[in-house]
> 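Questions regarding the structure given below will be posed in turn.
Being a predicted model, the structure only gives us computed values, none of them experimental. Quick note on labels: first sequence line is chain A, next is B, and so on, each numbered from 1.
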Protein chains: 2
Amino acid sequence: MSRRQQLLDIAGGLFAERGFKNTTVRDIADAAGILSGSLYHHFDSKESIVDELLSTFQRDLFATYDRILAEQPDTAGRIDAIVRASFDAIDQHHNEVAIFQNDAAYLMGFERFAYLREHNRRFRRMWVGLLAEGTASGALRADLDPELTYRFIRDTVWVAVRWYRPGADVAAQTVADQYLAILLQGIAAPKE
Amino acid sequence: MSRRQQLLDIAGGLFAERGFKNTTVRDIADAAGILSGSLYHHFDSKESIVDELLSTFQRDLFATYDRILAEQPDTAGRIDAIVRASFDAIDQHHNEVAIFQNDAAYLMGFERFAYLREHNRRFRRMWVGLLAEGTASGALRADLDPELTYRFIRDTVWVAVRWYRPGADVAAQTVADQYLAILLQGIAAPKE
DNA sequence: GTCTATAGTTCGATAGAC
DNA sequence: GTCTATCGAACTATAGAC
């Protein structure tokens, strides 16, 4: 792993744990065993570090979603796979998900991070589309507001990054199983 | 309203919007139309301000929960009323809920805010108890992990503070209706 | 209750030696 | 690629006048 990548990992861990604003460049340098000035040989600013972490993550995540939607033809399979891929992201890219959840609202205030808004737009469009598909086919109950249901699902999935710890006793896909069990029964059209 | 309470409201609004660490005492003073030094006539530190906001909120919230549990005898009525009271808190005490959601993890690092941990403990004990009641009576499905289900409900309810805006087009109790509709069907024992 | 003025820290970032 | 040394800005908080 390149020195640059090592430093990205170290910074990502600190940003995820304490937040972007609460992590100083001295904290990052200390954790890497160098002095703060040396960091600027690798990155031109603290913002550049978090930018590289978030933009890479956003690109990879939507590539995964696009692949799923291309492979899965039916709505139920799509919802299942998208939720599972999201929990997998919490497991495999924990730092980036945590930073996005905790600091994206703050970072979006800067022109440089305007691209993060595209993340939210795409995610919303995808889910509202999936819910519309399900309602049209009769698989999903029709008495729910699509916008509120989308927010319910979005928040439910991503907020798990607050307590889930990779490599702990509970596996990410076990959490996905349970969440899907509640969610799918909760939004399904009732059997008459 | 006392000057002290006015300043608490102004500070609460800024803390909720930008976060505790991202709000400076100058920001608060500017919003109040005074200079930053003058704030220290009313409070001895920035931490004291957020302390007063959070401790008051925590006390009132659990008084409400205790009243509900004393008045509602059956599990279904309790779950319904607790969720509705939580959405009401998001509506009526939006600043405090947002601060708790965004900054409690950071503030708990200080001895002074150790009492916030009691908030989490009591909330968990209450919900795990409610879920156990429901499972024992057969009203709730038995295949869900109580700990994961508790986290699912906790996160689902409180994270709504991120997008819900008091006084906007959607009323808090309308949101509660929809969330309860998904949640109650999702955790209910299936009709055979 | 607010102002003027400022102390004392900590922060992100830079310049140049090694 | 890291270190030494430091700048200038921003921050919380204080002291004393009005």
Side-chain angles (χ1 to χ4, degrees), chain A residues 1-55 95 99 102-113 116, chain B residues 1-55 95 99 102-113 116:
Chain A
M1 188 162 52
S2 71
R3 185 69 173 134
R4 182 187 183 79
Q5 192 56 51
Q6 285 178 7
L7 294 170
L8 279 172
D9 279 1
I10 290 167
L14 292 171
F15 289 155
E17 189 188 325
R18 316 180 184 176
F20 177 72
K21 200 65 180 289
N22 285 326
T23 304
T24 72
V25 292
R26 283 177 175 81
D27 290 335
I28 301 170
D30 283 352
I34 58 178
L35 290 183
S36 66
S38 306
L39 265 183
Y40 290 83
H41 174 70
H42 303 275
F43 306 95
D44 39 329
S45 71
K46 182 180 159 188
E47 285 184 5
S48 292
I49 302 178
V50 76
D51 193 349
E52 185 156 336
L53 287 166
L54 290 179
S55 58
N95 291 346
I99 296 167
N102 296 325
D103 292 311
Y106 167 74
L107 293 172
M108 279 178 198
F110 302 97
E111 182 59 36
R112 169 172 203 168
F113 294 96
L116 293 175
Chain B
M1 188 161 54
S2 71
R3 185 67 173 136
R4 182 186 183 81
Q5 191 56 51
Q6 285 178 5
L7 295 171
L8 279 172
D9 279 1
I10 290 167
L14 292 171
F15 289 155
E17 189 187 326
R18 316 179 184 179
F20 178 72
K21 200 65 180 288
N22 285 326
T23 304
T24 72
V25 294
R26 281 180 175 82
D27 290 335
I28 301 170
D30 283 352
I34 58 179
L35 291 183
S36 65
S38 305
L39 265 183
Y40 290 83
H41 174 72
H42 302 276
F43 305 95
D44 38 330
S45 73
K46 183 181 159 187
E47 285 185 5
S48 292
I49 302 178
V50 76
D51 193 348
E52 185 157 336
L53 288 166
L54 289 180
S55 58
N95 290 346
I99 296 167
N102 295 327
D103 293 311
Y106 167 73
L107 293 172
M108 279 179 197
F110 303 97
E111 182 60 35
R112 169 173 201 166
F113 295 96
L116 292 175

> I want to check something: taking the side chain as every heavy atom from C-beta on, are B:Asn102 and B:Phe15 in contact at a cut-off of under 4.5 Å?
no

> Starting at CG of A:Leu35, measure out to CG of A:Asp30 and round the result to the nearest 0.5 Å.
8.0 Å

> Send over the distance from B:Lys21 NZ to C:dG12 C1', rounded to a whole Å.
14 Å

> Under a 3.5 Å cutoff, is there a donor and acceptor pairing between the side chains of A:Thr24 and A:Asp27?
yes

> Output the single nucleotide from C:dC3, C:dG12, D:dA13 whose closest atom is nearest the side chain of B:Ser36.
D:dA13

> Between B:Phe110 (CZ) and D:dT12 (C1'), how many Å, whole number?
13 Å

> What's the CZ-P distance between A:Phe20 and C:dC11, to the nearest Å?
13 Å

> Identify which nucleotide among D:dC11, D:dG1, D:dC3 has an atom closest to any side-chain atom of A:His42, counting heavy atoms from C-beta outward.
D:dG1

> Would you say the side chain of A:Asp103 lies within less than 4.5 Å of the side chain of A:Leu54, judging by non-hydrogen atoms?
no

> Over how many whole Å does the gap from A:His41 atom NE2 to C:dG16 atom C1' extend?
14 Å

> Counting heavy atoms from C-beta on, name the nucleotide in C:dG1, D:dT2, C:dG12 closest to the side chain of A:Arg26.
C:dG12

> What is the separation between atom NZ on A:Lys46 and atom P on C:dC11, rounded to the nearest whole Å?
9 Å

> Looking only at the side chain of A:Ser38 (C-beta and beyond, no hydrogens), which of the listed nucleotides C:dT2, D:dT12, D:dT2 gets closest?
D:dT2

> Could you state the atom-to-atom distance from CZ of A:Phe43 to C1' of D:dT2 in whole Å?
15 Å

> Across the strands shown, which category fits B:Leu35 at heavy-atom distances under 4.0 angstrom: base, sugar-phosphate, nothing?
base

> Quick check: on DNA chain C, is the nucleotide nearest A:Asp27 upstream (toward 5') of the one nearest A:Asp44, or the reverse? Name the residue that is more 5'.
A:Asp27

> Please classify the nucleic acid contact of B:Arg3 as base, sugar-phosphate, or nothing, using heavy-atom distances under 4.0 Å.
sugar-phosphate

> Base, sugar-phosphate, or nothing: which does B:Ser48 touch, judged by heavy atoms less than 4.0 Å apart?
nothing

> With a 4.5 Å cut-off on side-chain heavy atoms, are A:Ile28 and A:Thr23 touching?
yes

> If I take atom OH in residue A:Tyr40 and atom P in nucleotide C:dC11, what distance separates them, rounded to the nearest angstrom?
12 Å

> Rounded to whole Å, please give me the gap between CG in B:Asn22 and P in C:dG12.
12 Å

